[in-house]
Asks: 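Starting off with a structure, shown below.
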Amino acid sequence: MSSKDVILDRIRAALADGPSVPEIPRDYRRGPAEADLDLLVDRLVDYKAVVHRAGTIPDAIATIVSGSVVVPPGLPREWLPVGLEVLVDDGLSPERIAAADGVVTAAAVAVAETGTIVLDASPDQGRRIISLLPDLHICVLRADQVVASVPEAVARLDPTRPLTWISGPSATSDIELNRVEGVHGPRNLHVILTDGENH
Amino acid sequence: MSTFLGMPVRAPRGVGHLRGDQSFPAAAKEALGNSQLRRNLQHATTTIRGKSGRVIAELPDWQELRSAGSALKAYTMANLPLLLTQLEEKVTAAGGVVHWAADANEANQIVTDLVARTGEKRVIKVKSMATQEIGLNEALEAAGIAPVETDLAELIVQLGEDKPSHILVPAIHRNRAEIREIFLRAMPGVDPKLTDDPPVLAGAARRYLREIFMRTKVAVSGANFGIAETGTLAVVESEGNGRMCLTLPDTLITVMGIEKVVPAWADLEVFLQLLPRASTGERMNPYTSMWTGVTPGDGPQNFHLVLLDNGRTAVLADEVGRQALHCIRCSACLNVCPVYERTGGHAYGSVYPGPIGAVLSPQLTGVEDNASLPYASSLCGACFDACPVKIDIPSILVHLRNQAPHARTEAAVMAAAAYTMDHPRLYASAQRAAKLARIAGRRGRGLPPPLNGWSASRDLPSPPDETFRDWWRGR
């Protein structure tokens with residue numbers, strides 16, 4: 001008898017009393033509700049992300065970083081200011097990615113209420129590793145990608161893709177339960193919020 | 001292996017960390033004598049209670065989310081065979097390999113064999129309660145494989161050759177000065193000018209572990225959720241060590257308790273709101289990673305999922321106790337518990353401390369192996385109120401007290417009391433005797449042996465000058 005059969009048999013025996021199966025009450029807020037961009041900005045700033053709303057995307061990026069940036073293969077090139085060294089991820093080594101001054105990606109969805117950005121590894125967001133190793137992550141977010149709450153984000157996402165939910169820069173509360181920004185992930189998170197027209 | 005149905009099989013002895021070396025009262029007495037520990041705990045639990053309360057108050061539908069979470073867990077337990085089979089199918093279809101482990105020994109063997117097959121001598125680990133429960137690190141070390149804990153608190157515990165004392169913050173019993181001492185003593189290549197400023201300490205961990213992340217080919221993780229409908233696994237974390245372990249290595253081995261399965265993708269909308277606010281007191285934790293099997297060109301190309309029983313089916317067999325399996329390991333019940341706040345986690349002897357540990361550990365091991373834990377509570381009920389999935393911990397505690405072995409004296413005293421109360425004349429003379437005992441001078445010194453165990457930590461009520469019966473007669 002395999003361990004699978006052993007465990008499944010044990011479970012069936014444990015449930016022999018036929019426990020009642022409840023209806024799931026779904027009366028919590030599931031949306032749709034209007035996404036409040038100001039709330040998103042407030043939440044992002046509260047968790048020590050830096051938000052840029054004015055000007056063009058290249059201008060904003062130019063104020064944040066100089067030197068070299070990693071970008072995923074599908075990132076619109078017109079987002080990047082002239083003068084940056086651009087490393088397109090066509091299978092870059094981890095060492096090369098880690099040595100870059102930053103990474104620029106797009107996003108899939110953002111949640112206003114929690115200040116969360118979700119990446120889904122689409123061509124304009126790239127492999128998970130590129131947004132992890134550099135110490136600076138610049139994320140370009142369109143207003144129409146922002147939803148009000150977590151249920152609306154879950155509904156928009158495709159679970160078969162690798163997903164990374166990001167709420168502020170890397171942090172820990174392991175020392176006396178005080179939040180300290182910056183452990184292993186990027187210590188600096190910049191979000192450029194656009195209306196989709198201003199690049 | 002016995003397959004006799006209806007006989008619950010507990011977590012085996014001699015492996016893992018579900019049983020303490022001493023009873024809760026003995027261990028608690030030691031902990032209570034450590035004033036530094038009590039200060040650290042009080043500071044930490046007060047901080048987290050405040051943060052959590054503030055972000056929970058932001059949600060107008062917190063109670064509705066709790067009810068949904070509770071019902072989802074009950075639904076999951078009632079449909080466990082179907083959901084686990086579905087999870088296996090989906091993970092396999094997405095390129096992963098699923099293993100089933102009936103107990104800690106089998107899980108340790110599976111993981112050790114998988115690592116040995118890669119030829120690697122070191123694994124990086126994401127904080128995982130399941131792998132602590134089964135003693136995976138000891139099993140790997142015995143096979144010549146070095147496990148490196150990458151969560152900051154777990155690293156503090158590992159470098160300090162210490163034991164974890166909290167589900168979420170395993171080093172909650174250490175303050176910054178102690179952490180600095182541990183890093184200076186045990187972290188290879190640490191800067192001798194290290195200060196005890198938390199960002200400086202976190203920076204030291206970043207430098208030490210970065211090199212290890214870049215060079216280690218195998219990772220071991222736990223899982224917060226496994227979605228049956230899609231085969232998606234989720235790990236919730238803060239530091240990015242989880243992302244490193246889940247992204248950089250060639251091989252990923254995930255050990256997940258069978259109760260962690262979630263029916264549908266959409267159900268995450270409930271748990272992703274409940275967990276961070278109840279746990280770290282954040283609207284959302286900094287990082288959550290989700291993956292389904294293997295993604296070509298992105299992340300580990302070999303993925304193994306180990307589904308662990310180790311006594312969980314025995315918990316499931318208990319009609320009252322089975323709701324302990326609903327736990328999402330947020331640790332809110334620890335942070336509100338007046339007992340935990342004073343004794344800390346080590347006193348519970350198991351990797352699962354606090355109120356949830358007091359109901360989970362005895363059920364996983366059998367109550368006889370953790371007989372004092374159901375009593376490690378004042379039954380104040382704060383844990384029930386704090387639980388994001390509404391586990392009625394006080395009711396399970398009382399239920400388990402009935403199952404725990406009781407001393408013969410206790411049964412004899414209770415029988416004598418019942419007989420006395422059934423016979424009015426006898427009861428009246430017993431009341432007069434109590435008054436006499438006061439005059440005889442035992443007052444304030446508790447009961448004589450063999451009953452002194454009961455009064456060691458309780459004040460005996462003083463008998464009244466005049467009983468109600470005497471007053472009634474003389475009226």
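In what follows, every chain begins at residue 1, and chains take the letters A, B, ... in the order their sequences are listed. Just the heavy atoms: all of them, side chains too, but no hydrogens, waters or symmetry mates, feed the values below.
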Asks: Start with the C-alpha distance between A/Leu8 and B/Thr85, add both sets of side-chain angles, then the distance that settles side-chain contact (heavy atoms from CB on, under 4.5 Å), and finish with yes or no.
Replies: CA-CA 9 Å; A/Leu8 290 177; B/Thr85 311; 4.1 Å; yes
Asks: Any salt bridge linking A/Asp174 with B/Lys127? Criterion: basic side-chain nitrogen under 4.0 Å from a carboxylate oxygen.
Replies: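 A salt bridge is absent here (no side-chain N lies under 4.0 Å from a carboxylate O).
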Asks: Is B/Ile227 close to chain A through its backbone or its side chain, or both, or neither, when contacts mean heavy atoms under 4.5 Å?
Replies: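 For B/Ile227, no heavy atom lies under 4.5 Å from chain A.
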Asks: Salt bridge (Lys or Arg N to Asp or Glu O under 4.0 Å) between A/Glu95 and B/Arg215: does it pass, once the steps are laid out?
Replies: CA-CA 10 Å; A/Glu95 289 76 14; B/Arg215 292 174 188 275; over 6 Å; no
Asks: Can you say whether B/Leu84 sits under 4.5 Å from chain A via the side chain, the backbone, both, or neither, judging by heavy atoms?
Replies: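 B/Leu84 touches chain A through side-chain heavy atoms alone.
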Asks: When you look at B/Leu248 and A/Leu133, which way does the side-chain contact (heavy atoms from CB on, under 4.5 Å) test go after all the steps?
Replies: CA-CA 10 Å; B/Leu248 287 175; A/Leu133 294 180; 4.3 Å; yes
Asks: Show the nearest heavy-atom pair for residues A/Pro159 and B/Thr230, with the distance to one decimal.
Replies: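 Taking every non-hydrogen atom into account, CG-CG2, 3.7 Å.
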Asks: Indicate the atoms forming the closest heavy-atom contact of A/Gly168 with B/Tyr287, along with that distance.
Replies: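 Scanning both residues completely, I find the closest heavy atoms to be O-CE2, 4.4 Å.
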Asks: Measuring only between side-chain heavy atoms, which start at C-beta, is A/Thr164 closer than 4.5 Å to B/Thr288?
Replies: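 No; the side chains remain at least 4.5 Å from each other.
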Asks: A/Asp5 versus chain B, heavy atoms under 4.5 Å apart: side chain, backbone, both or neither?
Replies: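 It is neither, since no heavy atom gets under 4.5 Å.
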Asks: Pick one of side chain, backbone, both or neither for B/Leu316, based on which atoms fall under 4.5 Å of a heavy atom in chain A.
Replies: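 Both the backbone and the side chain of B/Leu316 come within 4.5 Å of chain A.
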Asks: So what's closer than 4.5 Å to chain B heavy atoms on A/Arg26: side chain, backbone, both or neither?
Replies: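 For A/Arg26, the side chain is the part near chain B, not the backbone.
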Asks: Evaluate the side-chain proximity of B/Arg277 to A/Thr114: yes if any heavy-atom separation is below 4.5 Å, no if none is.
Replies: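 Side-chain contact under 4.5 Å: yes.
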Asks: With only heavy atoms counted, which part of B/Arg322 is less than 4.5 Å from chain A, the side chain, the backbone, both or neither?
Replies: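 Just its side chain gets close to chain A.
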Asks: Which atoms of B/Lys51 come close to chain A, meaning under 4.5 Å heavy atom to heavy atom: side chain ones, backbone ones, both, or neither?
Replies: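 The side chain, not the backbone.
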Asks: Quick one, B/Arg283 and A/Asp46 - any side-chain contact, counting heavy atoms below 4.5 Å?
Replies: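 B/Arg283 reaches A/Asp46 side chain to side chain.
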Asks: Is A/Leu189 close to chain B through its backbone or its side chain, or both, or neither, when contacts mean heavy atoms under 4.5 Å?
Replies: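 Neither part.
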Asks: So how far is it from A/Ile11 CD1 to B/Asn79 CG, rounded to the nearest 0.5 Å?
Replies: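 Interatomic distance, A/Ile11 CD1 to B/Asn79 CG, rounded to 0.5 Å: 11.0 Å.
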Asks: Keeping the roles fixed (side chain from B/Asp309, backbone from A/Ile7), state whether a donor-acceptor pair exists under 3.5 Å.
Replies: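 Answer holds: no.
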Asks: Can you tell me which portion of B/Leu72 sits under 4.5 Å from chain A's heavy atoms? Options are side chain, backbone, both or neither.
Replies: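 Answer is both: backbone and side chain atoms of B/Leu72 are under 4.5 Å from chain A.
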Asks: side-chain hydrogen bond (donor to acceptor under 3.5 Å, both in side chains), that's the test. Do B/Arg243 and A/Ser170 meet it? Break it down for me.
Replies: CA-CA 10 Å; B/Arg243 292 178 69 190; A/Ser170 161; over 6 Å; no
Asks: Could you measure the distance from the OG1 atom of B/Thr232 to the CG atom of A/Leu163? Nearest 0.5 Å is fine.
Replies: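 Going from the OG1 atom of B/Thr232 to the CG atom of A/Leu163 covers 7.5 Å.
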Asks: Considering only heavy atoms, which portion of A/Ala121 lies under 4.5 Å from any heavy atom of chain B: side chain, backbone, both, or neither?
Replies: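 Interface part for A/Ala121: side chain.
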Asks: Pick one of side chain, backbone, both or neither for B/Asn285, based on which atoms fall under 4.5 Å of a heavy atom in chain A.
Replies: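 Contact with chain A is through the backbone of B/Asn285 alone.
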Asks: Please report the C-alpha distance between A/Trp165 and B/Met290 in whole Å, then the side-chain angles of each, then the deciding distance to 0.1 Å, and finally whether the side-chain contact (heavy atoms from CB on, under 4.5 Å) criterion is met.
Replies: CA-CA 8 Å; A/Trp165 296 55; B/Met290 301 176 187; 3.1 Å; yes
Asks: First locate atom CD1 of A/Ile129, then atom CE of B/Met244, and finally report the distance between them rounded to the nearest 0.5 Å.
Replies: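 A/Ile129 atom CD1 to B/Met244 atom CE measures 8.5 Å (nearest 0.5 Å).
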Asks: So do B/Leu209 and A/Val183 actually touch side chain to side chain, heavy atoms under 4.5 Å?
Replies: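 When only atoms from C-beta onward are counted, B/Leu209 and A/Val183 do not touch, as no gap falls below 4.5 Å.
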Asks: Can you tell me how far CD of A/Glu113 sits from CG of B/Leu59, rounded to the nearest 0.5 angstrom?
Replies: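 Output value for this atom pair is 5.5 Å.
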Asks: Side chain, backbone, both or neither: which part of B/Asn40 has a non-hydrogen atom closer than 4.5 Å to chain A?
Replies: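 For B/Asn40, no heavy atom lies under 4.5 Å from chain A.
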Asks: Has the side chain of B/Trp100 got a donor or acceptor atom that lies under 3.5 Å from a matching backbone atom of A/Ser2?
Replies: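 No, the answer is negative, given that no donor and acceptor are paired below the 3.5 Å cut-off.
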Asks: Which one, A/Pro94, A/Ser173, A/Pro162, A/Gly18, leads in non-hydrogen pairs under 4.5 Å with chain B?
Replies: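 Highest number of pairs under 4.5 Å: A/Pro162.
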Asks: Show the nearest heavy-atom pair for residues A/Val180 and B/Pro198, with the distance to one decimal.
Replies: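 In this case the closest contact between A/Val180 and B/Pro198 is CG2-CB, 3.5 Å.
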Asks: When you measure from the side chain of B/Arg210 to the backbone of A/His184, do you find a donor-acceptor pair of N or O atoms at a distance under 3.5 Å?
Replies: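 Indeed, once roles are kept as given, a pair shorter than 3.5 Å links the two residues.
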Asks: For B/Ala74, is it the side chain, the backbone, both, or neither that has a heavy atom closer than 4.5 Å to a heavy atom of chain A?
Replies: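 Both backbone and side chain.
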Asks: A/Glu23 versus chain B, heavy atoms under 4.5 Å apart: side chain, backbone, both or neither?
Replies: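 For A/Glu23, backbone heavy atoms alone lie under 4.5 Å from chain B.
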Asks: Measure the spacing between CE of B/Met284 and CD1 of A/Ile166 and express it to the nearest 0.5 Å.
Replies: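 Reported to 0.5 Å precision, the distance equals 12.5 Å.
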Asks: With no hydrogens and no angle check, do the side chains of B/Thr295 and A/Arg127 hold a donor and an acceptor under 3.5 Å apart?
Replies: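 No donor-acceptor contact under 3.5 Å links the two side chains.
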Asks: Below 4.5 Å from any heavy atom of chain B, which atoms of A/Pro169 appear? Answer side chain, backbone, both or neither.
Replies: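 Backbone only.
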Asks: Side chain, backbone, both or neither: which part of B/Leu65 has a heavy atom under 4.5 Å from chain A?
Replies: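 Both parts, backbone and side chain.
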Asks: Below 4.0 angstrom, N of the basic side chain to O of the carboxylate: do B/Asp298 and A/Arg128 qualify?
Replies: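 Salt bridge present between B/Asp298 and A/Arg128.
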Asks: Go through B/Ser238, B/Gly69, B/Gly240 and name the one with the most non-hydrogen pairs under 4.5 angstrom from chain A.
Replies: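 So the answer, after comparing B/Ser238, B/Gly69, B/Gly240, is B/Ser238.
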Asks: Sort B/Ala314 into side chain, backbone, both or neither according to what part of it lies under 4.5 angstrom from a heavy atom of chain A.
Replies: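 Neither part; nothing is under 4.5 Å.
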Asks: Between A/Arg187 and B/Arg206, is any pair of side-chain heavy atoms under 4.5 Å apart?
Replies: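 A/Arg187 vs B/Arg206: side chains touch.
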Asks: Using non-hydrogen atoms and a 4.5 Å limit, figure out which bit of B/Thr150 sits close to chain A: side chain, backbone, both or neither.
Replies: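 Interface part for B/Thr150: backbone (N, CA, C, O).
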Asks: For B/Glu282 and A/Ser167, test the side chains for any donor-to-acceptor distance below 3.5 angstrom and give the result as yes or no.
Replies: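 B/Glu282 vs A/Ser167: no donor-acceptor pair found between side chains.
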Asks: In terms of heavy-atom proximity below 4.5 Å to chain A, should B/Glu237 be classed as side chain, backbone, both, or neither?
Replies: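 Contact with chain A is absent: no heavy atom of B/Glu237 under 4.5 Å.
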Asks: Considering only heavy atoms from C-beta outward, does the side chain of B/Gln273 approach that of A/Pro151 to under 4.5 Å?
Replies: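 Answer yes - side chains close enough.
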Asks: With B/Arg66 as the cation and A/Tyr28 as the aromatic partner, state whether NZ or CZ is under 6.0 Å from the six-membered ring centre and within 45° of the axis.
Replies: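 So B/Arg66 doesn't make the cation-pi contact.
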Asks: In terms of heavy-atom proximity below 4.5 Å to chain B, should A/Thr172 be classed as side chain, backbone, both, or neither?
Replies: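 Both parts, heavy atoms under 4.5 Å.
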Asks: Go through the atoms of A/Ser93 and report whether side chain, backbone, both or neither lie under 4.5 Å from a heavy atom of chain B.
Replies: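 Neither part, no heavy atoms under 4.5 Å.
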Asks: Once you round to the nearest 0.5 Å, how far does CD1 of B/Ile110 lie from OG of A/Ser3?
Replies: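 The OG atom of A/Ser3 is 6.5 Å from CD1 of B/Ile110, to the nearest 0.5 Å.
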Asks: Kindly give the heavy-atom pair with the smallest separation between A/Ile175 and B/Arg176, and that separation in Å.
Replies: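 Heavy-atom minimum between the residues: CG2-CB, 4.0 Å.
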Asks: Could you check whether A/Arg30 pairs with B/Glu64 (Lys NZ or Arg NE/NH1/NH2 to Asp/Glu carboxylate O, under 4.0 Å)?
Replies: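 Salt bridge absent between A/Arg30 and B/Glu64.
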Asks: Within the side chain of A/Asp17, is there an N or O that forms a donor-acceptor pair under 3.5 Å with the backbone of B/Glu319?
Replies: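 Not a single qualifying donor-acceptor pair exists.
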Asks: Specify the closest pair of heavy atoms between A/Pro25 and B/Ala68, including all atoms of both residues, with the distance to one decimal.
Replies: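 Smallest heavy-atom distance, with atoms named: O-CB, 3.4 Å.
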Asks: Look at B/Trp265, B/Phe213, B/Trp62 and state which one has the largest set of heavy-atom pairs under 4.5 Å with chain A.
Replies: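 Top count of heavy-atom pairs under 4.5 Å with chain A: B/Trp265.
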